[in-house]
Amino acid sequence: MDNCLFCKIIKGEIPSTKIYEDDEFYAFLDIKPINQGHTLVVPKKHCRNLLDFPKSEETDLMEFLKKVAKAVTKGVGADGFNLGMNNEGAAGQVVFHAHFHIIPRFKNDGLTSWPHKEFDNEELERIKDKIVKYL
Ligand code: AMP
Ligand code: ZN
């Protein structure tokens with residue numbers, strides 16, 4: 001896509017710190033990492049988010065993510081990693097070319113997880129009913 005930042009990175013029109021690539025995917029270091037080794041994995045064919053990601057590439061994507069996550073974790077000596085994806089602006093997506101964040105985690109790295117809300121069973125049931133009719 002012409003005006004897409006990540007399409008330009010994939011084509012080499014904008015520089016990036018490449019970690020790895022194959023025919024379908026491209027992995028590079030995030031320019032503003034949450035922790036050292038924070039890596040972005042993007043499909044080479046432009047799509048906006050997970051919901052329009054092609055089914056034919058799903059299996060290969062998982063293999064690619066695992067391969068890169070393993071190398072990143074070992075490479076920076078992390079104790080674990082978060083795999084994240086922001087879908088749409090409300091969820092924090094800023095670049096509208098689908099991408100996965102591999103974020104290395106270290107014991108006591110000071111990052112906290114999201115705050116949780118308290119819902120009783122009745123509320124959970126009501127929410128479930130709203131969701132399942134779309135499956
Ligand atoms: P998101 O909020 O999920 O859309 O994430 C976009 C990510 O892209 C952010 O973590 C940015 O730091 C990262 N980013 C933006 N521009 C670049 C760039 N030129 N090279 C590497 N990472 C970038
Ligand atoms: Zn794109």
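If you read the sequence from its start, that first residue is 1, and numbering goes on from there. Just so you know, ligand 1 is whichever comes first in the structure, and atom 1 is the first atom listed for that ligand.
Residue-ligand proximity, Leu5 to ligand 1, at heavy-atom distances under 4.0 Å covers atoms 16 (N). When each atom of ligand 1 is checked for a heavy atom of Val94 under 4.0 Å away, the hits are 1 (P), 2 (O), 4 (O). Those atoms of ligand 1 with a heavy atom of Gln93 less than 4.0 angstrom away are 4 (O).
Contact check for His38 versus His101: side-chain heavy atoms found under the 4.5 Å cut-off.
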Side chain to side chain contact (heavy atoms under 4.5 Å, CB included) between Glu21 and Lys44, worked out: CA-CA 9 Å; Glu21 70 179 312; Lys44 287 189 171 177; 2.7 Å; yes
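Considering only non-hydrogen protein atoms, atom 22 (N) of ligand 1 sits nearest to Ile31 N, 3.1 Å. Of all protein heavy atoms, the one lying nearest to atom 6 (C) of ligand 1 is His99 NE2, 3.6 Å.
Atom CG in Leu40 sits 11.5 Å away from atom CZ in Phe100 (nearest 0.5 Å).
Rounded to 10°, the angle formed at the Zn ion (ligand 2) by Cys7 SG and Cys4 SG is 120°.
Electrostatic pairing of Glu63 and Lys66 does not count as a salt bridge here, judged by no charged N lying under 4.0 Å from a carboxylate O. Look at Arg105 and Asp109 and you find a salt bridge, because one of the NZ, NE, NH1 or NH2 atoms lies within 4.0 Å of a carboxylate O, short of that distance. Salt-bridge annotation for Lys45 and Glu24: absent, with no side-chain N of the basic residue lying under 4.0 Å from a carboxylate O of the acidic one.
Taking the Zn ion (ligand 2) as reference, His97 places its N/O/S atom ND1 nearest. The N, O or S atom of His46 lying closest to the Zn ion (ligand 2) is ND1.
Looking at Met85 against ligand 1, nothing comes within 4.0 Å, counting heavy atoms. Looking at Leu29 against ligand 1, only its backbone comes within 4.0 Å, counting heavy atoms.
Nearest residue to atom 13 (C) of ligand 1 from Ile9, Asn87, Thr39, Asp30 is Asp30 (criterion: closest heavy atom).
Counting heavy-atom neighbours within 6.0 Å of Lys8 NZ, excluding the residue itself, gives a total above 12.
Some N or O of Val95 is nearer than 3.5 Å to an N or O of ligand 1, by distance alone.
Between the side chains of Thr39 and Tyr20, no donor-acceptor pair of N or O atoms lies under 3.5 Å. Looking only at atom types and distance, the side chain of Asn49 has no donor-acceptor partner in the side chain of Gln93 under 3.5 Å away.
The aromatic rings of Phe28 and Phe6 sit perpendicular to each other, their planes meeting at more than 60°, with 30° as the lower class boundary.
Distances from ligand 1 to the non-hydrogen atoms of Gly92 include at least one value under 4.0 Å. For the pair Phe96 and ligand 1, no heavy-atom separation below 4.0 Å is found. Distances from ligand 1 to the non-hydrogen atoms of Ile14 include no value under 4.0 Å.
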